[in-house]
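Input: a single structure, listed below in structure tokens.
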Protein chains: 2
Amino acid sequence: MVTLSEENYLKTIFHLGRHDKASVSTNAIAQKMETKASSATDMIKKLSEKGLVDYQKYKGVQLSENGRLAAISVIRKHRLWEVFLVNKLSFSWDEVHEVAEQLEHIKSEKLTLELESFLDYPTQDPHGDPIPDSNGSIPSTQKLLLAKVKQGHQCICVGVKDSSSEFLKYLDKYKIALGSQIKVISKEAYDESMTVKINDIQKTISKEVAQNLFVKTN
Amino acid sequence: MVTLSEENYLKTIFHLGRHDKASVSTNAIAQKMETKASSATDMIKKLSEKGLVDYQKYKGVQLSENGRLAAISVIRKHRLWEVFLVNKLSFSWDEVHEVAEQLEHIKSEKLTLELESFLDYPTQDPHGDPIPDSNGSIPSTQKLLLAKVKQGHQCICVGVKDSSSEFLKYLDKYKIALGSQIKVISKEAYDESMTVKINDIQKTISKEVAQNLFVKTN
DNA sequence: ATAAATTTTTAGTCTTATCTAAACTTTAAG
DNA sequence: CTTAAAGTTTAGATAAGACTAAAAATTTAT
């Protein structure tokens, strides 16, 4: 039995260890969890005793196979619930996270499977992040940052890198959503801003925005 | 802020105090919560300090107005989620309770309202219990026990009194569900059993069953 | 290569919710 | 109306998860 708190730590370790697969530091975990390093150490010990992480004092942690599966299970539920909130109830991009943080801990294999079926087996959540399947496999997405798209090329918005409320509100404001057609009209070398046509409306966007929007070229 | 455990106690006190509106005893609470009387006393004190119950030592508790509203809010969510599980996902009568016990604690006013709208403002859960509205008003249902129905009369199944898994499985087995048409063919004075026609199939049911099935005459 | 800075761990405390055992009220029986 | 039984509360302990302060290990910088 994995507690709610343990699930949150596992999720955090998963996200922190995602890109570089070196071990994750106590401080990094504490920071992400908005708690103190000593609390993180306590929890790491507990997770280690339960065989969910590999841990060596002062050397950080890595998820074990069981820990990875537990983390992915929570992430799977989080993302499925986000799809539910946006597609079935009328939640917007920036409202789903807090609620999904609660729903992700509901324990019922049947519920998760039925929900997935009810939603027609989505492969991405409303932020464009992939939804793991029931075996824990994560579908790979070949998305790239809008900033990398060449002038004159056309693409579709498939996700965000920064999923902060501020950024999502910005996107809402300019009607940029998943599936929006984006054509790169011109790029400015000086400040890396670019002029794009989004849903047939022309607009100049900053480097900050272009570097936080995932797109798929077609 | 009301904790998960507090919500469960409030719900239990609400249910226990429902019929006779005298105060609810510590032992009764402990028994329903499957905990010890001393634990119940501790929690009662905490709820009392928070102004959610009126409490006098050795005299039991009653919900305060705030406590009643908090309890009803949890019950409202529980019943809405049960409707969701049965109507939208393919859960059966006897599978919903455990999951709804978890879902009822999700805190999001918006979620509850959107869910209610998504489900088309149901007034009853799958067991026929009324769903409180967002102001905490509980729609009254004029349901009666099948055992009270006179010979020759026709009625519709609207709920169960006993919502144990065993009873619900029994009902599933004989295809008795919410909305089933039931006609009382004859009643046996000796053992209070009755012969009924359910969905055009004739069957004899015992006193135990007839006294645990709510119906509405039409 | 060693001192300073940073990171991590340990030790001890707190809160929530639970338990057991003992003490105290209330109720019920005779 | 007194006493036994039943019900309730208190006192003291435990486990999970978090915190502070201090000690220990590691890294960085001189």
Side-chain angles (χ1 to χ4, degrees), chain A residues 1-14 16-17 20 22-63 66-67 70-71 74 101-102 104-107, chain B residues 1-17 20 22-63 67 70-71 74 101-102 104-107:
Chain A
M1 182 82 298
V2 183
T3 69
L4 187 144
S5 198
E6 287 166 357
E7 285 190 344
N8 284 330
Y9 273 94
L10 289 173
K11 203 174 44 146
T12 294
I13 296 168
F14 180 89
L16 289 171
D20 43 59
S23 59
V24 177
S25 78
T26 303
N27 252 4
I29 295 169
Q31 200 180 320
K32 259 270 180 114
M33 294 288 299
E34 294 180 33
T35 183
K36 294 297 154 72
S38 54
S39 307
T41 301
D42 285 347
M43 183 53 86
I44 288 165
K45 280 186 193 164
K46 193 145 73 91
L47 294 173
S48 177
E49 274 162 26
K50 289 195 175 187
L52 296 167
V53 298
D54 298 323
Y55 170 54
Q56 278 181 280
K57 272 189 193 175
Y58 297 99
K59 299 295 167 80
V61 287
Q62 274 186 281
L63 291 177
N66 280 342
V74 175
E101 286 286 299
Q102 298 178 62
E104 71 189 5
H105 299 291
I106 303 290
K107 285 172 178 55
Chain B
M1 182 81 298
V2 184
T3 69
L4 189 144
S5 198
E6 287 167 358
E7 286 190 343
N8 284 330
Y9 273 94
L10 289 173
K11 202 175 42 147
T12 294
I13 296 168
F14 180 89
H15 285 310
L16 289 172
D20 43 61
S23 60
V24 178
S25 78
T26 303
N27 251 5
I29 296 168
Q31 199 180 320
K32 258 270 179 109
M33 294 289 297
E34 293 179 35
T35 183
K36 294 298 154 74
S38 55
S39 306
T41 300
D42 285 347
M43 183 53 86
I44 287 167
K45 280 187 194 162
K46 194 144 73 91
L47 294 174
S48 177
E49 274 160 27
K50 289 196 175 185
L52 296 167
V53 298
D54 298 321
Y55 171 54
Q56 277 180 280
K57 271 189 193 176
Y58 296 102
K59 299 295 167 78
V61 288
Q62 274 186 282
L63 291 178
V74 176
E101 286 286 300
Q102 298 178 62
E104 71 188 5
H105 300 291
I106 302 291
K107 284 171 178 55

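Because only heavy atoms are used, hydrogens play no part in the values below, and waters and symmetry mates are left out as well, while side chains stay in. Below, chains carry the letters A, B, ... as their sequence lines are ordered, and counting in each starts from 1.
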Quiz prompt | Donor-acceptor under 3.5 Å (B:S48 side chain, B:I44 main chain) | solution = no
Quiz item: How far apart are the C-alpha atoms of A:L47 and A:I13, what are their side-chain angles, what is the distance that settles it, and do they pass the side-chain contact (heavy atoms from CB on, under 4.5 Å) test?
Solution: CA-CA 11 Å; A:L47 294 173; A:I13 296 168; 4.2 Å; yes
Write out a two-atom table: protein N or O, nucleotide N or O from nucleotides 22-25 of chain D, distance below 3.5 Å.
from: D:dA25; atom 1: O4'; to: A:Y58; atom 2: OH; distance (Å): 3.3

Quiz prompt | Pairs involving residues 52-61 of chain A, ordered by first then second residue, that meet side chain to side chain donor-acceptor pair (under 3.5 Å) (sequence neighbours left out) | solution = none
Quiz item: Can you check the B:M43 CE to C:dT15 P distance for me, whole Å?
Solution: 16 Å
Practice problem: Specify the separation, in whole Å, of atom NZ of A:K45 and atom P of D:dA16. | Solution: 14 Å
Quiz prompt | Whole angstrom value for the distance that separates P of C:dT26 from CD of B:Q56 | solution = 10 Å
Practice problem: Ignoring backbone atoms, establish whether B:T26 has a side-chain N or O less than 4.0 Å from OP1 or OP2 of D:dT9. | Solution: yes
Exercise. With side-chain contact (heavy atoms from CB on, under 4.5 Å) as the test, would you mind laying out the steps for A:I106 and B:I106 before giving the verdict?
Key: CA-CA 10 Å; A:I106 303 290; B:I106 302 291; 4.1 Å; yes
Quiz item: How many angstroms lie between atom NE2 of B:H15 and atom NZ of B:K11, to the nearest 0.5 angstrom?
Solution: 6.0 Å
Quiz item: Rounded to whole angstrom units, what separation is found between the CG atom of A:L4 and the P atom of C:dT16?
Solution: 17 Å
Quiz item: Do side-chain atoms of A:K50 reach the backbone of A:M1 as a donor and acceptor pair under 3.5 angstrom?
Solution: yes
Quiz item: Rounded to the nearest Å, what distance is computed from the NZ atom of residue A:K50 to the P atom of nucleotide D:dA16?
Solution: 8 Å
Quiz item: Going from CG on A:N8 to CD on A:E101, what distance comes out if it is rounded to the nearest 0.5 angstrom?
Solution: 6.5 Å
Quiz item: Does A:Q31 CD have over 12 foreign heavy atoms under 6.0 Å away?
Solution: no
Practice problem: Mind listing the residues from residues 29-41 of chain B sitting with a heavy atom below 4.0 Å of DNA chain C? Number order is fine. | Solution: B:T35, B:K36, B:S38, B:S39
Practice problem: Report yes if a side-chain nitrogen or oxygen of A:Y9 is closer than 4.0 Å to either non-bridging phosphate oxygen (OP1 or OP2) of D:dA16; otherwise report no. | Solution: no
Quiz item: When the distance from CG of A:D42 to C1' of D:dC19 is rounded to whole Å, what number comes out?
Solution: 10 Å
Self-check item: Phosphate contact (D:dA6 OP1 or OP2) by B:N27 side-chain N/O below 4.0 Å
Solution: no
Practice problem: Check every atom of D:dT26, C:dT26, C:dT10 against the side chain of A:K59 and return the nucleotide holding the closest atom. | Solution: D:dT26
Quiz item: Say you draw a straight line from CD1 of A:I29 to OG1 of A:T35; how long is it, rounded to the nearest 0.5 Å?
Solution: 11.0 Å
